[in-house]
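Here is the structure we will look at.
Chain A is the first sequence line, chain B the second, and so forth, proteins listed ahead of strands; every chain is numbered from 1. Note that the structure is predicted; figures quoted are calculated from it, not measured.
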There are 2 protein chains.
Amino acid sequence: MPKKTTADVPLQLGSQLCFAVYSTAHAFNRVYKPLLDRLGLTYPQYLVMLVLWEGDGLTVKEIGARLFLDSGTLTPLLKRMEALHLLTRTRSAEDERQVLVALTGQGSALREKAKAIVPPAILDATGCSIAELADLHGKLVKLRERLEAAVE
Amino acid sequence: MPKKTTADVPLQLGSQLCFAVYSTAHAFNRVYKPLLDRLGLTYPQYLVMLVLWEGDGLTVKEIGARLFLDSGTLTPLLKRMEALHLLTRTRSAEDERQVLVALTGQGSALREKAKAIVPPAILDATGCSIAELADLHGKLVKLRERLEAAVE
DNA sequence: AACAATTATATTGTGCGCAATCGATTTGCG
DNA sequence: CGCAAATCGATTGCGCACAATATAATTGTT
C-alpha cells in the first residue's frame, strides 16, 4: 500500500478542480430549471436563444462555434425548438450545405420575458458581488482556453 | 427597443459565469476522454471509482451524496460498471432497501493505473499553478454551496 | 399488532453531448 | 474541365442527468 505524500496533493487538485466545475455546472442547472420552465426552454435551448437574440440568421456551424457544441447535439435540439415555433431552419441558397437558423416573431418576443425573469434570479442565486463574478468568469475563460488548447 | 445600460452588465455577468462553468466542464471532459478511454471508464464512472477507492462498501445514497447525483443516474451507471466487473451490488442484510456497492479485485487494481495516467495529464492540461488551482477550486466550491442553498 | 409515513432503490421518459458515419455540396488542384 | 478532398449537416448509438413515478422495506404511532 503506497503511503500518501505531499507530492500527491497538486495532482489531486487538478481532479478536484474538474469535479468542482462539473458539480457547479449541475448546481447552476438546478437553479436555472424552474426559471427556464416558465419560458418552456431547457438550458442549452436558452443558450441558443441568447446567441440568436444577439444576431439572427446564423448557420448551425456558427451557433456551434459559440456554444462549443457540434451538429450531433444541435440538429435535434434545433428541431425541437423549431417544433416549438421559436425558430426556423432553412437551407441557404448560396450554399446548400448550410442551414440558416432564424428567430420567429414568437422567438424574438420571448427575449423581454427572459430578460425580466432569468438574469436577476441567477445573479441573486450566486450570492456573488460583481467583482467576484467578474473574477471567476475571467479565470474560467482562461482555464477553458488552456484546456481547449491541450486537446489541440 | 430598450437601450443597453450599464445596469445590465451585472445581470449578464451571472449568465456569463454560468456559461463559463458549463463550457469549461465540457472542455474538461474533452481532456479526460482520451485518458479515461485507456481505463475503459467514462468521467462519471471515474468519479464513482474515486469515491470507492477512498472507502469501499457504500450505499447508492452515499455515493450520490458525494457526487450530487440521484438514483436515476446512478442505478444504470452502477449496473454498467457491474457488467464491467469493476464492482458488485448487493442488498444490505440489515436494511433490504439499501444496495451496497463494493469494488472487485479488478476495480481496486485499476487504481494504480488511474493514478499514474490521469492526475498528471490533467494537471498539465490546466496549465495552472498550484495556487491558481486552489484559488479556483475554493471559489467554485463556495459558489456551488450558495447555488445549492438557493435551490433549498 | 396495524397502518401511515418515510426511506432507498428502480423504472420510465425526455433531452442533452459526443463519437462515428453518411450523403450531399462545394472547393481546389492539376 | 474533372476529380479528389474538404465542408456542412443529419443520423445512429451510447451514456449521462433528472423529473416523475413505482415498489419494497423500514420506522413511528397508536
Side-chain angles (χ1 to χ4, degrees), chain A residues 19 21-34 36-37 39-49 58-65 67-84 86 89-101 148 151, chain B residues 19 21-34 36-37 39-49 58-65 67-84 86 89-101 148 151:
Chain A
F19 178 64
V21 172
Y22 165 89
S23 53
T24 303
H26 289 171
F28 256 125
N29 208 12
R30 286 190 279 272
V31 171
Y32 267 100
K33 180 135 204 328
L36 294 181
D37 279 350
L39 303 176
L41 295 173
T42 65
Y43 182 66
Q45 288 170 7
Y46 175 66
L47 291 179
V48 169
M49 294 304 283
L58 299 177
T59 65
V60 174
K61 185 89 176 172
E62 289 167 332
I63 296 173
L67 301 182
F68 303 93
L69 296 173
D70 68 359
S71 75
T73 300
L74 285 175
T75 296
L77 189 156
L78 292 170
K79 281 184 176 176
R80 279 186 289 270
M81 295 178 76
E82 187 179 31
L84 294 172
L86 293 171
R89 303 183 319 122
T90 53
R91 287 276 161 194
S92 162
E94 304 100 53
D95 187 339
E96 291 278 350
R97 292 171 306 177
Q98 300 183 123
V99 167
L100 294 175
V101 179
E148 295 285 3
V151 183
Chain B
F19 178 64
V21 172
Y22 166 89
S23 53
T24 302
H26 291 172
F28 256 124
N29 208 11
R30 286 190 279 272
V31 172
Y32 266 100
K33 180 131 205 327
L36 295 181
D37 279 350
L39 304 176
L41 295 173
T42 64
Y43 181 66
Q45 288 171 7
Y46 175 67
L47 290 179
V48 169
M49 294 305 283
L58 300 177
T59 66
V60 174
K61 184 92 177 167
E62 289 167 331
I63 296 173
L67 301 182
F68 303 92
L69 296 172
D70 68 0
S71 75
T73 300
L74 285 174
T75 296
L77 190 156
L78 292 170
K79 281 185 177 176
R80 279 186 289 271
M81 295 177 77
E82 188 179 31
L84 294 173
L86 293 170
R89 303 184 320 124
T90 53
R91 288 277 161 193
S92 163
E94 304 100 53
D95 186 340
E96 290 277 351
R97 292 171 305 177
Q98 301 184 126
V99 168
L100 294 175
V101 179
E148 295 285 2
V151 182

### Message
Categorize B:Glu62 for me: base, sugar-phosphate, or nothing, with a 4.0 angstrom heavy-atom threshold over every strand shown.
### Response
nothing
### Student check: side-chain heavy atoms of B:Tyr46 and A:Phe19 closer than 4.5 Å
no
### Task
Indicate yes or no: at least one non-hydrogen side-chain atom of B:Thr59 is less than 4.5 angstrom from one of B:Glu62.
yes
### B:Tyr43: partners by ring pair (Phe, Tyr, Trp, His ring centres under 6.0 Å), with sequence neighbours left out
A:Tyr22, B:Tyr32
### Task
Walk me through it: do A:Leu36 and A:Thr42 pass the test side chain to side chain contact (heavy atoms under 4.5 Å, CB included)?
CA-CA 6 Å; A:Leu36 294 181; A:Thr42 65; 5.9 Å; no
### side-chain hydrogen bond (donor to acceptor under 3.5 Å, both in side chains) partners of B:Glu148, counting only residues at least two apart
A:Arg30
#### Entry: Test side-chain hydrogen bond (donor to acceptor under 3.5 Å, both in side chains) applied to B:Arg91 - qualifying residues, sequence neighbours left out
none
What pairs of donor and acceptor atoms, side-chain ones from residues 72-81 of chain A against any protein atom, are under 3.5 angstrom apart with sequence neighbours left out?
from    : atom 1 : to      : atom 2 : distance (Å)
A:Thr73 : OG1    : A:Asp70 : OD1    : 3.4
A:Thr75 : OG1    : A:Ser71 : O      : 3.1

### Message
For chain B and DNA chain C, what are the first and last nucleotides along the strand, 5' to 3', with at least one atom under 4.0 angstrom from a heavy atom of the protein chain?
### Response
C:dT7 to C:dC18
### Query
A:His26 versus B:Leu69: any side-chain heavy-atom pair under 4.5 Å?
yes
### Task
Give the rounded distance in Å between these two atoms: CD of B:Glu94 and P of D:dT26.
10 Å
### Task
Quick one, give me the B/S/- string for nucleotides 11-18 of chain D, reading 5' to 3', where B means a protein heavy atom under 4.0 Å from the base and S means that only happens at the primed atoms, P, OP1 or OP2.
B---SSBB
